[in-house]
Amino acid sequence: MMLVTGGVASGKRTFVRSLGFAEEDFSRVPGNGVPVLVDAQELARGQVTPGLLDALARKDVVIITEVGSGVVPLDAGERAWRERAGRLACQLAARAACVVRMVCGVPQVLKGDPQEALR
């Protein structure tokens, strides 16, 4: 599995499309057989279970938006979600064969080889 992370509108989807994935390969639902999961941080709004992590690890690519920067929300629930989203990103990065962080449309490979990860 390849994990692609970065801020909002940092070029995550464009990068994944450049790897040969089409728009119909993208989904927000982890268990539907589509190879690319987008907006994984939204899954952290609920309980992150080992089963969910296993389902995400079977994807070809998981895209997660970094939500821990910027102004800290006043709402305790939003702060807790940001914490869970960050922990989910760490767990996915540990399982991923490749981790790519997008900054201003430029991919930074943090772990592994993107071409090897998709074989």
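Everything quoted here is computed from the prediction, not taken from an experiment. Because only heavy atoms are used, hydrogens play no part in the values below, and waters and symmetry mates are left out as well, while side chains stay in.
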For this session: Starting at CD of Q41, measure out to CD1 of I64 and round the result to the nearest 0.5 Å.
Result: 6.0 Å

Exercise. Would V62 and M1 count as a side chain to side chain contact (heavy atoms under 4.5 Å, CB included) if you check the C-alpha gap in whole Å, the side-chain angles of each, and the deciding distance to 0.1 Å?
Worked result: CA-CA 7 Å; V62 174; M1 177 261 293; 4.0 Å; yes

Problem set entry | Steps toward side chain to side chain contact (heavy atoms under 4.5 Å, CB included) verdict (L19, M2) | CA-CA 11 Å; L19 298 173; M2 176 189 297; 3.8 Å; yes

Exercise. Do F21 and V34 belong together in a cluster built from hydrophobic side chains that touch within less than 4.5 Å?
Worked result: no

Problem set entry | Which residues share a side chain to side chain contact (heavy atoms under 4.5 Å, CB included) with V48, sequence neighbours left out | A44, L52, L53, L88, Q91

Problem set entry | Short side-chain to backbone donor-acceptor contact, K59 and P30, under 3.5 Å | yes

For this session: Find out if a path of hydrophobic residues (ILVMFWY) with successive side-chain heavy-atom gaps under 4.5 Å connects V36 to V109.
Result: yes

Problem set entry | Check against side chain to side chain contact (heavy atoms under 4.5 Å, CB included), T5 and T65 | CA-CA 6 Å; T5 187; T65 299; over 6 Å; no

Seminar exercise, completed: So SG of C98 and CG of L118: to nearest 0.5 Å the spacing works out to 7.5 Å

Problem set entry | Gap between atom CG of D25 and atom CZ of R17 - 0.5 Å precision | 11.0 Å

For this session: Identify, with sequence neighbours excluded, every residue that meets salt bridge (charged side-chain N to carboxylate O under 4.0 Å, His left out) alongside D60.
Result: none

Exercise. Are V38 and L92 connected, step by step, through hydrophobic side chains (Ile, Leu, Val, Met, Phe, Trp, Tyr) whose heavy atoms are closer than 4.5 Å?
Worked result: no

Problem set entry | Considering all heavy atoms, the nearest V72-R79 contact | CG1-CD, 3.5 Å

Exercise. Crowded around Q115 CD? As in, over 12 foreign heavy atoms under 6.0 Å?
Worked result: no

Exercise. Nearest 0.5 Å, what's the CG-CH2 distance between L43 and W81?
Worked result: 11.0 Å

For this session: Scan R82, K12, R101 and name whichever one has a salt bridge (charged side-chain N to carboxylate O under 4.0 Å, His left out) with E66.
Result: R101

Exercise. Which value, rounded to the nearest 0.5 Å, describes the distance between L3 atom CG and K111 atom NZ?
Worked result: 9.0 Å

For this session: Sequence neighbours left out, what pairs pass side chain to side chain donor-acceptor pair (under 3.5 Å) with at least one residue falling in residues 44-58?
Result: E42-R45, R45-E78, D54-R95

Exercise. Are L37 and V100 grouped together when hydrophobic residues (ILVMFWY) are joined by side-chain heavy atoms under 4.5 angstrom apart?
Worked result: no

Exercise. Atom CD1 in I63, atom CZ in F15: separation rounded to 0.5 Å?
Worked result: 9.5 Å

